[in-house]
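Some notes on the structure that comes next.
Numbering of ligands and ligand atoms starts at 1, following listing order.
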Amino acid sequence: MKDSWKVNPIHIKLLEKLFSDVDIVSVANILDAGSGRTSLTFLTDFFPKSNITALVYPGDERKKSGIAESVTADNFVLKETDLHDFDTTRQFDVVLAHLLLGEATKFSKESFGKMLNALFSIDTSYLAVVDILEDPQVNYRALLRSIAQHRIQKIIYLDKYIGFLVKK
Ligand SMILES: C[S@@+](CC[C@H](N)C(=O)[O-])C[C@H]1O[C@@H](n2cnc3c(N)ncnc32)[C@H](O)[C@@H]1O
(Lines give C-alpha, C1' and ligand atoms only; values in the text may rest on other atoms or scores of the structure.)
Protein backbone atom coordinates (compact mmCIF):
# COMPACT_ATOMS: atom_id res chain seq x y z
CA MET A 1 0.00 0.00 0.00
CA LYS A 2 1.34 3.45 -0.94
CA ASP A 3 1.59 6.09 1.78
CA SER A 4 0.83 9.83 1.62
CA TRP A 5 4.49 10.87 1.57
CA LYS A 6 5.25 13.73 -0.82
CA VAL A 7 8.69 14.52 -2.16
CA ASN A 8 10.18 17.83 -0.97
CA PRO A 9 9.94 20.15 -4.02
CA ILE A 10 13.19 21.92 -3.08
CA HIS A 11 15.12 18.69 -3.58
CA ILE A 12 13.50 18.14 -6.96
CA LYS A 13 14.11 21.74 -8.04
CA LEU A 14 17.80 21.56 -7.15
CA LEU A 15 18.25 18.20 -8.90
CA GLU A 16 16.41 19.38 -12.03
CA LYS A 17 18.67 22.44 -12.23
CA LEU A 18 21.77 20.32 -11.66
CA PHE A 19 20.91 17.88 -14.48
CA SER A 20 19.25 20.38 -16.85
CA ASP A 21 22.10 20.32 -19.41
CA VAL A 22 22.60 16.54 -19.38
CA ASP A 23 21.38 14.74 -22.49
CA ILE A 24 18.72 12.50 -20.97
CA VAL A 25 18.61 10.16 -23.97
CA SER A 26 22.29 9.27 -23.56
CA VAL A 27 21.83 8.20 -19.94
CA ALA A 28 21.27 4.43 -19.78
CA ASN A 29 22.80 3.32 -16.48
CA ILE A 30 22.52 5.20 -13.22
CA LEU A 31 23.72 4.51 -9.69
CA ASP A 32 21.76 6.10 -6.85
CA ALA A 33 24.62 5.92 -4.34
CA GLY A 34 22.94 6.01 -0.94
CA SER A 35 19.40 5.62 -2.14
CA GLY A 36 16.11 6.70 -0.65
CA ARG A 37 12.69 7.67 -1.86
CA THR A 38 13.61 11.30 -2.66
CA SER A 39 16.58 10.64 -4.93
CA LEU A 40 14.96 7.56 -6.43
CA THR A 41 11.69 9.40 -7.15
CA PHE A 42 13.68 12.10 -8.92
CA LEU A 43 15.83 9.67 -10.93
CA THR A 44 12.99 7.40 -12.01
CA ASP A 45 10.93 10.44 -13.14
CA PHE A 46 13.75 12.41 -14.79
CA PHE A 47 15.40 9.40 -16.50
CA PRO A 48 12.41 7.10 -17.12
CA LYS A 49 14.19 5.02 -19.78
CA SER A 50 17.30 4.33 -17.71
CA ASN A 51 18.31 1.33 -15.59
CA ILE A 52 18.89 2.49 -12.04
CA THR A 53 20.80 0.66 -9.33
CA ALA A 54 19.52 1.91 -5.96
CA LEU A 55 22.26 1.25 -3.42
CA VAL A 56 21.58 1.24 0.32
CA TYR A 57 23.77 0.15 3.20
CA PRO A 58 23.07 -3.52 4.01
CA GLY A 59 20.11 -3.76 6.40
CA ASP A 60 19.11 -0.06 6.19
CA GLU A 61 15.41 -0.82 6.65
CA ARG A 62 14.50 2.91 6.88
CA LYS A 63 15.45 3.44 3.28
CA LYS A 64 14.24 0.07 2.00
CA SER A 65 10.75 0.55 3.42
CA GLY A 66 10.52 4.19 2.27
CA ILE A 67 11.37 3.11 -1.26
CA ALA A 68 8.95 0.16 -1.15
CA GLU A 69 6.13 2.41 0.08
CA SER A 70 6.70 5.44 -2.14
CA VAL A 71 8.51 4.63 -5.38
CA THR A 72 6.13 3.18 -7.95
CA ALA A 73 8.45 3.10 -10.99
CA ASP A 74 9.92 -0.20 -12.11
CA ASN A 75 13.18 0.93 -13.75
CA PHE A 76 15.31 0.31 -10.67
CA VAL A 77 16.90 -2.56 -8.79
CA LEU A 78 17.60 -2.24 -5.07
CA LYS A 79 21.02 -3.43 -3.90
CA GLU A 80 22.24 -3.69 -0.33
CA THR A 81 26.00 -3.23 -0.60
CA ASP A 82 28.52 -1.18 1.34
CA LEU A 83 29.88 1.40 -1.12
CA HIS A 84 33.37 0.47 0.07
CA ASP A 85 32.82 -3.00 -1.44
CA PHE A 86 31.17 -1.78 -4.63
CA ASP A 87 32.23 -3.40 -7.90
CA THR A 88 34.36 -0.69 -9.55
CA THR A 89 34.33 -2.54 -12.89
CA ARG A 90 30.71 -1.50 -13.36
CA GLN A 91 30.15 1.51 -15.63
CA PHE A 92 27.53 4.21 -15.24
CA ASP A 93 26.48 7.30 -17.13
CA VAL A 94 25.34 9.07 -13.97
CA VAL A 95 26.10 8.51 -10.29
CA LEU A 96 24.05 10.53 -7.82
CA ALA A 97 25.12 10.85 -4.18
CA HIS A 98 22.16 12.74 -2.72
CA LEU A 99 22.72 13.28 1.01
CA LEU A 100 25.01 10.23 1.12
CA LEU A 101 28.07 12.01 2.51
CA GLY A 102 26.25 13.24 5.60
CA GLU A 103 25.92 9.55 6.52
CA ALA A 104 29.38 8.53 5.25
CA THR A 105 30.46 7.32 8.69
CA LYS A 106 27.03 6.50 10.16
CA PHE A 107 27.10 2.78 9.33
CA SER A 108 30.56 2.09 7.98
CA LYS A 109 33.68 2.00 10.15
CA GLU A 110 35.65 3.55 7.29
CA SER A 111 36.64 7.24 7.29
CA PHE A 112 34.99 10.08 5.36
CA GLY A 113 38.07 10.20 3.10
CA LYS A 114 37.73 6.49 2.27
CA MET A 115 34.07 7.05 1.39
CA LEU A 116 35.08 9.87 -0.95
CA ASN A 117 37.68 7.60 -2.57
CA ALA A 118 35.08 4.87 -3.01
CA LEU A 119 32.60 7.31 -4.54
CA PHE A 120 35.10 8.93 -6.90
CA SER A 121 36.46 5.50 -7.95
CA ILE A 122 33.18 4.54 -9.58
CA ASP A 123 33.40 4.60 -13.37
CA THR A 124 30.86 7.20 -14.53
CA SER A 125 30.50 10.06 -17.01
CA TYR A 126 28.78 12.32 -14.48
CA LEU A 127 28.95 12.36 -10.70
CA ALA A 128 26.43 14.53 -8.85
CA VAL A 129 26.89 15.21 -5.14
CA VAL A 130 24.27 17.03 -3.06
CA ASP A 131 24.50 17.75 0.66
CA ILE A 132 23.52 20.28 3.31
CA LEU A 133 26.11 23.06 3.23
CA GLU A 134 26.20 23.41 7.02
CA ASP A 135 26.28 19.66 7.72
CA PRO A 136 29.23 19.13 10.10
CA GLN A 137 29.40 15.48 8.99
CA VAL A 138 30.41 16.57 5.49
CA ASN A 139 34.08 17.47 5.07
CA TYR A 140 33.75 20.04 2.27
CA ARG A 141 37.49 20.67 2.17
CA ALA A 142 38.08 17.00 1.29
CA LEU A 143 35.10 16.95 -1.08
CA LEU A 144 36.36 19.99 -3.00
CA ARG A 145 39.85 18.47 -3.25
CA SER A 146 38.30 15.39 -4.90
CA ILE A 147 36.07 17.44 -7.17
CA ALA A 148 38.99 19.66 -8.26
CA GLN A 149 40.64 16.66 -9.93
CA HIS A 150 37.79 16.62 -12.46
CA ARG A 151 35.69 19.21 -14.30
CA ILE A 152 32.88 20.96 -12.46
CA GLN A 153 29.95 21.32 -14.85
CA LYS A 154 27.59 23.04 -12.45
CA ILE A 155 27.10 24.15 -8.86
CA ILE A 156 23.61 24.84 -7.53
CA TYR A 157 22.90 26.32 -4.11
CA LEU A 158 19.26 26.24 -3.03
CA ASP A 159 17.78 26.67 0.43
CA LYS A 160 20.31 24.86 2.65
CA TYR A 161 21.54 22.44 -0.01
CA ILE A 162 24.52 22.60 -2.34
CA GLY A 163 24.89 20.38 -5.37
CA PHE A 164 27.88 19.76 -7.62
CA LEU A 165 27.77 18.16 -11.05
CA VAL A 166 31.17 16.76 -11.96
CA LYS A 167 32.20 15.52 -15.41
CA LYS A 168 34.63 12.65 -15.07
C1 LIG B 1 20.27 10.28 4.01
S2 LIG B 1 20.16 8.75 3.16
C3 LIG B 1 20.09 9.28 1.48
C4 LIG B 1 18.76 9.61 1.02
C5 LIG B 1 18.45 9.42 -0.43
N6 LIG B 1 19.55 9.67 -1.33
C7 LIG B 1 17.27 10.27 -0.79
O8 LIG B 1 17.48 11.33 -1.38
O9 LIG B 1 16.14 9.88 -0.52
C10 LIG B 1 21.77 8.07 3.16
C11 LIG B 1 21.88 6.80 2.32
O12 LIG B 1 23.25 6.40 2.29
C13 LIG B 1 23.32 5.01 2.51
N14 LIG B 1 24.65 4.71 3.00
C15 LIG B 1 25.29 5.21 4.08
N16 LIG B 1 26.53 4.66 4.18
C17 LIG B 1 26.66 3.81 3.13
C18 LIG B 1 27.68 2.94 2.70
N19 LIG B 1 28.85 2.82 3.36
N20 LIG B 1 27.46 2.19 1.60
C21 LIG B 1 26.28 2.27 0.92
N22 LIG B 1 25.29 3.09 1.27
C23 LIG B 1 25.47 3.84 2.39
C24 LIG B 1 22.19 4.73 3.50
O25 LIG B 1 21.84 3.35 3.51
C26 LIG B 1 21.09 5.60 2.87
O27 LIG B 1 20.51 4.90 1.82
- Message: Does the residue Lys106 have a heavy-atom contact with ligand 1, meaning some pair of atoms that are separated by less than 4.0 Å?
- Response: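 No heavy atom of Lys106 comes that close to ligand 1.
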
Where does [X] meet ligand 1, judged by heavy-atom distances below 4.0 Å: at the side chain, the backbone, both, or neither?
X: His98; answer: both
X: Ser35; answer: backbone
X: Arg37; answer: backbone
X: Thr81; answer: backbone

Can you tell me which residue and heavy atom of the protein come closest to [atom], and the distance to 0.1 Å?
atom: atom 17 (C) of ligand 1; value: Tyr57 CD1, 3.7 Å
atom: atom 2 (S) of ligand 1; value: Lys63 CE, 3.5 Å
atom: atom 7 (C) of ligand 1; value: Ser39 OG, 3.2 Å
atom: atom 25 (O) of ligand 1; value: Asp60 OD2, 2.6 Å
atom: atom 14 (N) of ligand 1; value: Leu100 CD1, 3.7 Å

If you measure every N/O of [X] against every N/O of ligand 1, is any gap under 3.5 Å?
X: Leu55; result: no
X: Asp82; result: yes
X: Thr38; result: yes
X: Met115; result: no

- Task: Report yes if the side chains of Leu78 and Val56 come closer than 4.5 Å at any heavy-atom pair, otherwise no.
- Result: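 Side chain of Leu78 against side chain of Val56, heavy atoms only: contact under 4.5 Å found.
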
- Establish, yes or no, whether the cationic atom of Lys167 lies under 6.0 Å from the six-membered ring centre of Tyr126 and within 45° of the ring axis.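 Flagged: Lys167 positioned over aromatic ring of Tyr126.
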
- Message: Nearest non-hydrogen contact with atom 20 (N) of ligand 1 belongs to which option: Asp131, Leu83, Leu101?
- Response: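 The nearest heavy atom belongs to Leu83.
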
- Message: Determine whether Leu55 and Leu31 satisfy the following criterion, side chain to side chain contact (heavy atoms under 4.5 Å, CB included), listing intermediate values before the conclusion.
- Response: CA-CA 7 Å; Leu55 190 78; Leu31 175 67; 4.1 Å; yes

